[in-house]
**Student:** 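Let me begin by handing over the structure; questions about it come next.
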Amino acid sequence: MARGECCSVLGLIQNPMAVAENVSSCSLSAMWDWSHLSLSGTPPAVPLLDAAADLLVLERNFAASLGICERGLQILSAEPTDAKCEQVKTSLCVVAIQCLVELGRWREVLPWLIQYYQTPQEMPYNIMEMCILLYGKVKQPQVMLEVSSDWLQVQANRLLPNCCRVAELHLLHILLPLGLFSDAEVLAQDSDVFTEKQRHIALALVSEHRRQWEEYEAAAATERDEHSQSESMGRTGKVQTRIQNVAHLLLRALGMIAGIIRRTPFRNAALAVLLITIILLRLDPASPAAYGPISSLLLLIRQTIASIFQRHPSRQL
């Protein structure tokens, strides 16, 4: 088997639309893999497969098609395993995946498949391709990272004619979008998967994606720094404004206090201070320690009253 015939990384890179093929086209191309089966020895689930395909393609009754696929897989689980049964099983799974996607249940695809394959490494290559395309298309490549990596490490899978196709999709839809450039370089240098020319093109593609990724990260870091600086300057400006407002209020309060003091007679001000002192210190009039301050207070009151009557003799009786 020539590796140039088993896959074409060059074609995928030169024609990005080939990479962006949707899951529907992939599933429909794999759906008819059983068409070459002879009538003799046909697995009993083939009629169910035909019915499920009709419901999917012609009637677009996805729920009913999914139910028939599950019924067919249950029948196959009770049959002896052979090549024809495996082909029908694969086709039923392909139809079921498409139904799940159409029903908006794409998150259930991988867990659903695990019901019928003991490990993801046992999945056929076309199902693995569909899963990589699906989770890459919905921007969830991390879901398939470990699954497809492990699949590619199985020696039996590496001998399959379409292993290189899975490797292409794994490189383009899983490793590069996740920024795993070291792993991508290791895969691109794998001589068991790619030819020398394909390895050269794949490595160039990885280098280009790495450069774009680093430029994007640098631009994002610069934008974050500028945003942080602007926020810091904004906070500093707000603090300065608050300080200025508080200082202005303090100056106004001090000015008002100074004006009141200037307009108030000295004795009245002293009386107010003494009263405030008594209140703050909570002096007990019965205590000997309070005798001196209270005596001074009474004397000051008397002097204040006498001064008031001296200013206004007409009010004396």
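All of these numbers come straight from a predicted model, not from anything done at the bench. We use all heavy atoms of the structure for the numbers below, so side chains are in, but hydrogens, waters and symmetry mates are not.
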**Student:** Looking at CG of Leu175 and OG of Ser148, how far apart are the two atoms once the value is rounded to the nearest 0.5 Å?
**Tutor:**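 Answer rounded to 0.5 Å: 7.0 Å.
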**Student:** Treating Ile, Leu, Val, Met, Phe, Trp and Tyr as nodes and any side-chain heavy-atom pair under 4.5 angstrom as an edge, say whether Leu134 and Trp112 lie in one connected cluster.
**Tutor:**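 Yes.
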**Student:** If you apply the rule salt bridge (charged side-chain N to carboxylate O under 4.0 Å, His left out), what do you find for Arg211 with Glu208, and how did you get there?
**Tutor:** CA-CA 5 Å; Arg211 183 188 63 80; Glu208 177 62 19; 2.4 Å; yes
**Student:** To the nearest 0.5 angstrom, please state how far the NE2 atom of His209 sits from the CG atom of Leu171.
**Tutor:**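 The CG atom of Leu171 is 8.5 Å from NE2 of His209, to the nearest 0.5 Å.
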**Student:** Of all the heavy-atom pairs spanning Phe181 and Arg210, show the shortest one and how long it is.
**Tutor:** CB-NH2, 3.3 Å
**Student:** What heavy-atom pair brings Ala167 and Phe194 nearest, and what distance separates the two atoms?
**Tutor:**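 Looking at all heavy atoms of both residues, the closest pair is CB-CZ, 3.9 Å.
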**Student:** Going by heavy atoms in the side chains, are Val95 and Leu55 under 4.5 Å from each other?
**Tutor:** no
**Student:** Would you say the side-chain atoms of Arg158 pair up with the backbone N or O of Gln153, donor to acceptor, closer than 3.5 Å?
**Tutor:** no
**Student:** Following the transitive rule for hydrophobic clusters with a side-chain heavy-atom cut-off under 4.5 Å over Ile, Leu, Val, Met, Phe, Trp and Tyr, establish whether Leu113 and Ile68 coincide in one cluster.
**Tutor:** no
**Student:** Quick one, Val138 and Val143 - any side-chain contact, counting heavy atoms below 4.5 Å?
**Tutor:**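 Not touching, per the 4.5 Å side-chain cut-off.
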**Student:** Is it the case that over 12 heavy atoms from other parts of the model lie below 6.0 angstrom from the CD atom of Glu86?
**Tutor:**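 For Glu86, atom CD is crowded (more than 12 foreign heavy atoms under 6.0 Å).
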**Student:** If I take atom OG1 from residue Thr119 and atom CG from residue Asp150, how far apart are they, to the nearest 0.5 angstrom?
**Tutor:**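 Between atom OG1 of Thr119 and atom CG of Asp150 there are 9.0 Å.
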**Student:** Near Gln118 CD, under 6.0 Å, is it more than 12 heavy atoms from other residues, nucleotides or ligands?
**Tutor:**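 No, not enclosed.
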**Student:** Working to the nearest 0.5 angstrom, can you tell me the gap between Lys139 NZ and His173 NE2?
**Tutor:**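 Rounded to the nearest 0.5 Å, the NZ-NE2 separation comes out at 9.5 Å.
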**Student:** Is a side-chain donor or acceptor of Asn157 paired with a backbone partner of Gln121 at a separation under 3.5 angstrom?
**Tutor:**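 It does hold such a pair.
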**Student:** Taking all non-hydrogen atoms of both residues into account, name the closest pair between His170 and Leu187 and its distance.
**Tutor:** CD2-CD2, 3.7 Å
**Student:** Cluster question for you: counting only ILVMFWY and a side-chain heavy-atom cut-off of under 4.5 Å, with indirect links fine, are Leu66 and Ile114 together?
**Tutor:**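 Yes, Leu66 and Ile114 fall within the same hydrophobic cluster.
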**Student:** Kindly give the heavy-atom pair with the smallest separation between Tyr125 and Val166, and that separation in Å.
**Tutor:**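 Looks like O-CG2, 3.9 Å.
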**Student:** Please round to the nearest 0.5 Å and tell me the distance separating atom OG of Ser91 and atom CG of Asp50.
**Tutor:**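 Rounded to the nearest 0.5 Å, the OG-CG separation comes to 10.0 Å.
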**Student:** Side chain to side chain contact (heavy atoms under 4.5 Å, CB included), that's the test. Do Leu145 and Leu180 meet it? Break it down for me.
**Tutor:** CA-CA 10 Å; Leu145 176 60; Leu180 302 176; 3.7 Å; yes
**Student:** In the single-linkage hydrophobic clustering (I, L, V, M, F, W, Y; side-chain heavy atoms under 4.5 Å), do Val154 and Leu152 co-cluster?
**Tutor:**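 As far as the 4.5 Å side-chain criterion goes, Leu152 and Val154 are not connected within one cluster.
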**Student:** Given side chain to side chain contact (heavy atoms under 4.5 Å, CB included), test Glu196 with His200 step by step and report yes or no.
**Tutor:** CA-CA 6 Å; Glu196 182 178 356; His200 176 74; 5.9 Å; no
**Student:** Are Val206 and Val186 in one and the same hydrophobic cluster, where Ile, Leu, Val, Met, Phe, Trp and Tyr link if side-chain heavy atoms are under 4.5 Å apart?
**Tutor:**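 Val206 does not cluster with Val186.
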**Student:** Give a yes or no on this: more than 12 heavy atoms of other residues, nucleotides or ligands lie within 6.0 Å of atom OH of Tyr117.
**Tutor:** yes
**Student:** Run the side chain to side chain contact (heavy atoms under 4.5 Å, CB included) test on Met130 and Val109 for me, step by step, so that the C-alpha distance in whole Å, both residues' side-chain angles and the decisive distance to 0.1 Å come before the verdict.
**Tutor:** CA-CA 10 Å; Met130 287 185 65; Val109 167; over 6 Å; no
**Student:** With the side chain counted from C-beta on, respond yes when Ile132 and Ile174 share a heavy-atom pair under 4.5 Å apart, and no when they do not.
**Tutor:** yes
**Student:** State, without any angle test, whether Gln142 and Gln140 hold a side-chain donor-acceptor pair at a distance under 3.5 Å.
**Tutor:** yes
**Student:** When you check the side-chain N and O atoms of Glu102 and Gln98, is any donor under 3.5 Å from an acceptor?
**Tutor:** yes
**Student:** Quick check: do Leu92 and Val88 have side-chain heavy atoms less than 4.5 Å from each other?
**Tutor:** yes
**Student:** Roughly how far, to the nearest 0.5 Å, is CD of Glu168 from SG of Cys163?
**Tutor:** 10.0 Å
**Student:** Let's go through Tyr116 and Ile127 carefully: what are the C-alpha distance in whole Å and the side-chain angles of both, what is the deciding distance for side chain to side chain contact (heavy atoms under 4.5 Å, CB included) to 0.1 Å, and is it a yes or a no?
**Tutor:** CA-CA 12 Å; Tyr116 304 104; Ile127 292 181; over 6 Å; no
**Student:** Looking at every heavy atom in both Cys99 and Leu56, which two are closest together, and how far apart are they?
**Tutor:**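 Here Cys99 and Leu56 meet closest at SG-CD1, 4.0 Å.
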**Student:** Under a 3.5 Å distance rule, please check whether Arg105 uses its side chain to pair with a backbone N or O of Leu100 as donor and acceptor.
**Tutor:**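 Side chain of Arg105 to backbone of Leu100, a donor-acceptor pair under 3.5 Å: no, none is there.
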**Student:** Of the non-hydrogen atoms in Cys131 and Met144, which two are nearest, and what is the gap between them?
**Tutor:** CB-CE, 3.6 Å
